[in-house]
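Nothing here was measured: the structure is a model prediction, and the numbers come from that model.
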Amino acid sequence: MSNELTLYNFQNEGAAWLTSYRAGQTSASAHVVAEPYFGMLLDEMGVGKTAQALESIRSLLSEGKRGLFIVPGATTVQWQKNWNRWINDIGTGDVPDEWCMNQLARLTGTLQPVPHDASVVMSHAMLARHAIVKKLVEANFDFLVIDEVHKFGNRKSKRFRNLLAVLNLSESRLSYGRIVLTGTPTRNWAHEIYSVCHIVAPQYARNFEEFAGRWLAYYDKKSLRDPIRFHEYWKPFMLRRTLSQVAPDMPPCRRTKLYTELTSEFIRKTYNKNVSLMKNFMESGEKVDSTSLLGYLQKLRHITGLGKTREAAIMEPIIEYLTAASPDGSSPDGRKAVIGVHHIWVVDRLRLVLSPVCKVFAIVGGMDDSKKEQVKQEFITYSAPAVLLLSIKAGGEGIDGLQHACTKSYVFERQWNGADEQQFEKRIYRIGQTKKVEIEYTLALGTVDEFFDEMVEHKRKITNSVTDPNWESDPAFIRELANKVIANPLSAGSSKRGNYSVDMDEASPDDESGELELAEISFDELELIDNLQAQTYSPA
């Protein structure tokens with residue numbers, strides 16, 4: 001095996017764990033047994049779970065077993081590349097020749113025939129189509145691998161129900177192995193872990209009612225009743241290691257929050273107008289469904305994001321960072337950074353502001369995988385200063401290599417849950433990073449930003465007890481957020497806090513505050529008005 005393909009020691013340990021027989025060691029888990037190839041690899045993002053999974057299934061492939069790989073759509077091509085790297089391009093030597101003959105076919109449509117002589121990789125989204133279920137059942141795969149399995153956390157979703165149909169109706173019942181991967185096994189609340197447990201070990205998680213009665217809080221089922229006992233019981237099936245545990249020599253990562261007020265009267269009026277529209281909707285007597293409320297909240301997040309592009313307290317530090325020489329002298333003409341965004345118009349506005357001072361690249365929704373890879377490589381190889389505007393949704397998965405290009409990222413628009421933000425953070429803070437990393441969250445005081453921040457941090461504390469149901473599926477949570485926004489309209493200087501930053505790990509406020517000027521940046525307010533009045537708000 002070439003040096004390039006050598007696993008780290010901790011990755012070899014993870015692969016060995018997946019292929020071992022594991023039994024409970026406490027009185028609470030004495031009868032719990034995990035057979036080889038049945039397990040949840042829950043390592044923190046950025047430590048190479050894909051390589052560990054592929055390494056673990058070598059013996060299954062050598063026996064002629066066929067696998068079904070269900071992965072995020074953005075990573076299907078990457079999984080094929082990793083397959084070729086770890087399975088087919090291994091070479092000879094002590095590796096049996098038959099391994100080099102294994103094929104991984106990629107399914108891209110329901111009308112496409114499922115091969116009966118090869119393993120298959122397909123996207124999560126395809127599993128939501130009923131037409132594919134029958135074909136997968138007939139294909140009768142021997143083992144299952146699911147990447148980012150937390151996306152099956154909603155037990156009522158079509159994709160989860162269809163997956164159960166494949167597992168239960170296939171003649172083999174995929175009984176030779178069920179391996180699931182994720183760094184965030186739940187996205188919002190603890191009860192999502194049931195779906196993950198049921199996929200891997202249905203004998204110990206037969207149905208949700210029984211599972212909830214044993215493990216979840218009685219009052220709302222959003223948190224674990226006894227996290228310590230839960231971990232003891234499920235330890236044979238769960239392996240969780242953090243980046244600091246497996247790579248103690250990794251450089252530090254500092255996370256901070258950069259606060260500012262929205263000083264533009266135009267932005268404040270537009271924001272409050274939409275708050276009033278949401279309030280009128282909630283008081284109209286009509287059925288207040290979560291989908292409609294999400295639409296209003298998304299508009300407010302969009303307006304807030306556009307407003308922050310106008311604030312010197314946010315934009316000037318970004319520009320100063322990009323245009324300053326790196327401290328080590330490796331980049332005398334400026335530096336690189338990644339900015340996480342959600343709405344395409346915020347991408348356009350940031351491009352307008354930053355283009356005069358640096359090269360701007362963007363990876364947004366709607367790009368095919370080859371285009372994303374092309375833009376990523378251009379950003380990596382381009383000489384600084386340069387910035388990559390990266391959709392947190394479209395670029396949070398399947399984008400690797402940025403850790404070799406930069407050490408700074410900004411979360412410009414907050415997400416509904418912490419899992420997506422953690423995925424974005426790990427684009428630059430992962431194995432291969434050799435320098436100190438800084439990640440800044442930009443927040444506008446008194447806006448939907450602060451309420452998102454408060455609730456996401458609250459959910460992170462709950463879900464960390466598991467090691468983050470779909471946020472959109474909790475109407476009470478959405479209504480609570482909407483009510484907080486309505487109760488706090490924006491007004492000039494209403495927060496009395498000015499501009500400041502907070503260390504997210506140490507919670508120490510920065511005394512520096514005050515307004516900054518960015519006179520050289522001009523904005524077309526008429527265009528902004530037209531955008532804000534549009535009915536459709538497209539995510540990046």
So, the side chain of Q415 versus the backbone of Q422: is there a donor-acceptor pair under 3.5 Å, distance only?
no
Looking only at atom types and distance, does a side-chain atom of Q11 sit under 3.5 Å from a main-chain N or O of Y8, one as donor and one as acceptor?
yes
Can a donor-acceptor pair be found, under 3.5 Å and without considering hydrogens, that links the side chain of K336 to the backbone of I380?
yes
Heavy-atom pair of closest approach, residues L239 and G14:
CD2-CA, 4.0 Å
Salt bridge flag under 4.0 Å for residues E421 and R414
yes
Going through the distances and angles, do V341 and L350 end up as a side-chain contact (heavy atoms from CB on, under 4.5 Å)?
CA-CA 10 Å; V341 293; L350 285 170; 3.6 Å; yes
Heavy atoms of P251 and T434 approach each other most closely as CG-C, 3.7 Å
Would R255 and E425 pass as an ion pair if we require N to O under 4.0 Å?
yes
Taking G401's backbone N and O only, do any of them form a donor-acceptor pair with Q403's side chain (distance below 3.5 Å, no angle check)?
yes
Run the salt-bridge test on E373 and K376 with the 4.0 Å N-O cut-off and return the result as yes or no.
yes
Heavy atoms, side chains only, cut-off 4.5 Å: are V360 and F379 in contact?
no
Indicate yes or no: at least one non-hydrogen side-chain atom of S409 is less than 4.5 angstrom from one of V437.
no
Return yes if some donor-acceptor pair links the side-chain N/O of Q245 with the main-chain N/O of T242 below 3.5 Å, else return no.
yes
So do I363 and I399 actually touch side chain to side chain, heavy atoms under 4.5 Å?
yes
Got a second to check how far T309's OG1 is from I267's CD1, nearest 0.5 Å?
7.0 Å
Donor-acceptor under 3.5 Å (R310 side chain, L306 main chain):
no
Nearest 0.5 angstrom please: F424 CZ to Y410 OH, how far?
11.0 Å
Is there a side chain to side chain donor-acceptor pair (under 3.5 Å) between Q374 and S370? Walk through the geometry before answering.
CA-CA 6 Å; Q374 176 187 339; S370 60; over 6 Å; no
Would you say S157 and F152 make side-chain contact, with heavy atoms under 4.5 Å?
no
Note: F361 and A386 closest approach over all heavy atoms is CE1-CB, 4.1 Å
Would you mind telling me which of Q433, M45, K426 makes a side-chain contact (heavy atoms from CB on, under 4.5 Å) with L243?
K426
Q52 side chain to G48 main-chain N or O, any donor-acceptor pair under 3.5 Å?
yes
Minimum side-chain heavy-atom gap I146-H124 below 4.5 Å:
yes
I'd like to check V338 versus L402 (side-chain heavy atoms, cut-off strictly below 4.5 Å). Are they in contact?
yes
Test T442 against E311 for side-chain contact (heavy atoms from CB on, under 4.5 Å), laying out the working first.
CA-CA 11 Å; T442 67; E311 296 300 327; over 6 Å; no
Taking the six-membered ring for Trp, are H302 and H343 parallel (under 30°), tilted (30 to 60°) or perpendicular (over 60°)?
parallel
Could you check whether D449 pairs with R301 (Lys NZ or Arg NE/NH1/NH2 to Asp/Glu carboxylate O, under 4.0 Å)?
no
Would you give the length of the straight line joining atom CD of E44 to atom OG of S244, rounded to the nearest 0.5 angstrom?
7.0 Å
Considering all heavy atoms, the nearest P72-E148 contact:
CG-CG, 3.4 Å
Quick one: do L445 and T260 satisfy side-chain contact (heavy atoms from CB on, under 4.5 Å)? Show the steps, please.
CA-CA 6 Å; L445 292 166; T260 187; over 6 Å; no
Please report the interatomic distance CH2(W17) to CE(M238), rounded to the nearest 0.5 Å.
9.0 Å
Could you walk me through whether W83 and T50 pass the side-chain contact (heavy atoms from CB on, under 4.5 Å) test, one step at a time?
CA-CA 9 Å; W83 177 278; T50 301; over 6 Å; no
Where do T304 and T447 come nearest, in terms of heavy atoms and distance?
CG2-OG1, 3.5 Å
So CG of D420 and OG1 of T184: to nearest 0.5 Å the spacing works out to 8.0 Å
Partners meeting salt bridge (charged side-chain N to carboxylate O under 4.0 Å, His left out) with K371 (sequence neighbours left out)
none
For V364 and S391 the tightest heavy-atom approach is CA-CB, 3.9 Å
Salt bridge present between K308 and E413 (N-O < 4.0 angstrom):
no
For the backbone of L352 and the side chain of S355, can you confirm whether one donor and one acceptor N or O come within less than 3.5 Å of each other?
no
Pair F412 and Y441, ring centroids less than 6.0 Å apart:
no
Taking 4.0 angstrom as the limit, do D43 and K49 come out as a salt bridge?
no
Determine yes or no for a side-chain-to-main-chain donor-acceptor pair under 3.5 angstrom, with Q80 supplying the side chain and L104 the backbone.
yes
Between V121 and the options T75, D147, V77, V71, the side-chain contact (heavy atoms from CB on, under 4.5 Å) test singles out V71
Okay, side chain of R159, backbone of L127: is any donor-acceptor separation there less than 3.5 Å?
no
If we only count heavy atoms from C-beta on, is the F69 to T76 side-chain gap below 4.5 Å?
no
Tell me, do L181 and I179 make a side-chain contact under 4.5 Å, heavy atoms counted?
yes
Value rounded to 0.5 Å, distance of OG1 in T110 from CE in M122
10.0 Å
Side chains of E438 and T407, donor plus acceptor under 3.5 Å:
no
